[in-house]
Amino acid sequence: MSSPFLAIDIGNTRIKWALYDSASPGAALQAQGAEFLDHIERLADGPWADLPSPGSMLGCVVAGDAVRRRAEEQIVERFDCTPRWVMSSAGEAGIVNGYDHPTRLGADRFVAMIGARHRMLAAAKPGQAPRPMVVVLIGTAVTVEAIDADGKFLGGLILPGHGIMLRALESGTAGLHVPTGEVREFPTNTSDALTSGGTYAIAGAVERMVQHVRSHCGVEPACYMTGGAGWKMAPVMNGHFELVESLIMDGLLVIARERASN
């Protein structure tokens, strides 16, 4: 009988966690939540207090070693399982890492690409060839990844998220301390101009990468978008982007199954 599996994604702003009934893609979700990094110490006695103990866990971290250690203390305090973390490598679970220095690729990016490729292959019709992909993570920072049909990571973009863009403008420009506005085709006030400018800057970078992949691979890529602010971006994108709640959790499930079978 399979035991519960705990997946953890520690980003730049929050720690996200999900408990599944097993360590395999498509496993049933039993519980999930998120906490700001300042509140990690609340997990063991708070959201995790009544959870069944997982038989195993796997996570990815971009927030640094100090934050990772704080999360590990909560895991060890509450659960009887060893903390394990994904590190980017030359290749795993169908993704070949084409970064100049593979271990320097952010673990969240690596894991999300693995989750996306599994989703793309699972959705393919019988006899249909694998497709190249564009994978977008919308968070504190935005990343835009290009993967060819064979699963090779060709390269990716990193750009500031909405919040960073607005803070940069506020700190570098007089008189721009204004409320968040709406996305408009033709903004007629400063709030809408700022929000629309940041949104369309991200959209433009994503659409340029789609063009690059289409040209390089000679076929239309499958496009996936994930991250806490993905819902803000999806409506303004040209072309079809599948909005996935968490490709990172999907990727952790794929990696956990692969490692258990090896």
Side-chain angles (χ1 to χ4, degrees), residues 8-17 32-40 42 60-64 66-68 70-71 104-113 115-116 134-146 155-212 223-249:
I8 293 179
D9 168 25
I10 305 180
N12 292 299
T13 304
R14 298 187 302 163
I15 175 172
K16 284 82 70 179
W17 58 271
Q32 65 179 335
E35 294 284 346
F36 287 106
L37 297 186
D38 290 344
H39 302 157
I40 284 179
R42 300 179 182 178
C60 67
V61 188
V62 298
V67 174
R68 174 183 54 78
R70 288 166 58 207
R104 296 183 186 176
L105 176 68
D108 57 339
R109 300 169 64 189
F110 188 58
V111 172
M113 286 187 275
V134 172
V135 179
V136 184
L137 277 70
I138 308 286
T140 305
V142 175
T143 61
V144 188
E145 322 297 3
L157 310 174
I158 303 175
L159 59 154
H162 286 88
I164 295 176
M165 288 188 195
L166 290 175
R167 287 193 295 273
L169 282 168
E170 287 181 351
S171 65
T173 310
L176 282 184
H177 297 276
V178 294
T180 301
E182 301 294 328
V183 177
R184 309 287 188 191
E185 289 187 356
F186 305 104
T188 54
N189 61 71
T190 304
S191 294
D192 290 353
L194 288 167
T195 298
S196 302
T199 300
Y200 289 130
I202 294 170
V206 172
E207 288 163 12
R208 178 60 62 91
M209 183 61 87
V210 172
Q211 293 173 11
H212 291 332
C223 299
Y224 300 97
M225 183 173 288
T226 192
W231 63 272
K232 295 180 181 179
M233 288 302 307
V236 305
M237 299 305 302
N238 288 333
H240 174 70
F241 267 83
E242 182 178 346
L243 186 60
V244 184
E245 182 173 355
S246 182
L247 281 177
I248 292 176
M249 298 304 184

Q: Would you say the side chain of Met113 lies within less than 4.5 Å of the side chain of Leu105, judging by non-hydrogen atoms?
A: yes
Q: Would Thr226 and Ile248 count as a side-chain contact (heavy atoms from CB on, under 4.5 Å) if you check the C-alpha gap in whole Å, the side-chain angles of each, and the deciding distance to 0.1 Å?
A: CA-CA 8 Å; Thr226 192; Ile248 292 176; 5.5 Å; no
Q: Do you know the tightest heavy-atom contact between Ala107 and Val61?
A: CB-O, 4.2 Å
Q: Roughly how far, to the nearest 0.5 Å, is CE of Met249 from SG of Cys60?
A: 7.5 Å
Q: So which heavy atom on Thr195 is nearest to which on Gly181, and how close?
A: OG1-N, 2.9 Å
Q: Any side-chain heavy-atom pair from Met237 and Met225 closer than 4.5 angstrom?
A: yes
Q: Can you sort out the partners of Ala205 under side-chain contact (heavy atoms from CB on, under 4.5 Å), two or more places apart, ordered by chain and number?
A: Leu157, Leu159
Q: Is there side-chain contact between Met165 and Ile202, with heavy atoms separated by less than 4.5 Å?
A: yes
Q: The criterion is side-chain hydrogen bond (donor to acceptor under 3.5 Å, both in side chains); which residues satisfy it with Glu242, sequence neighbours excluded?
A: Arg119
Q: What are the two closest non-hydrogen atoms of Leu243 and Ala234, and how far apart are they?
A: CD2-CB, 4.3 Å
Q: List the atom of Ser196, the atom of Glu182, and the distance in Å for their closest heavy-atom pair.
A: OG-O, 3.2 Å
Q: Just jot down the side-chain hydrogen bond (donor to acceptor under 3.5 Å, both in side chains) partners of Thr199, sequence neighbours excluded, or say none.
A: His162
Q: Using every non-hydrogen atom in the two residues, find where Ala116 and Val135 come nearest and quote the distance to one decimal.
A: CB-CG2, 3.6 Å
Q: Ala34: which residues meet the side-chain contact (heavy atoms from CB on, under 4.5 Å) condition with it, sequence neighbours left out?
A: Arg14, Lys16
Q: Could I get the full list of side-chain contact (heavy atoms from CB on, under 4.5 Å) partners for Glu35, not counting sequence neighbours?
A: Ile15, His39, Leu43, Pro47
Q: Short question: side chain of Arg70, backbone of Leu37 - any donor-acceptor pair under 3.5 Å?
A: yes
Q: With sequence neighbours left out, what residues match Thr143 under side-chain contact (heavy atoms from CB on, under 4.5 Å)?
A: Arg109, Leu137, Glu145, Ile158
Q: Grab the two heavy atoms, one from Ile10 and one from Ala71, that are nearest each other, plus how far apart they are.
A: CD1-CB, 3.7 Å
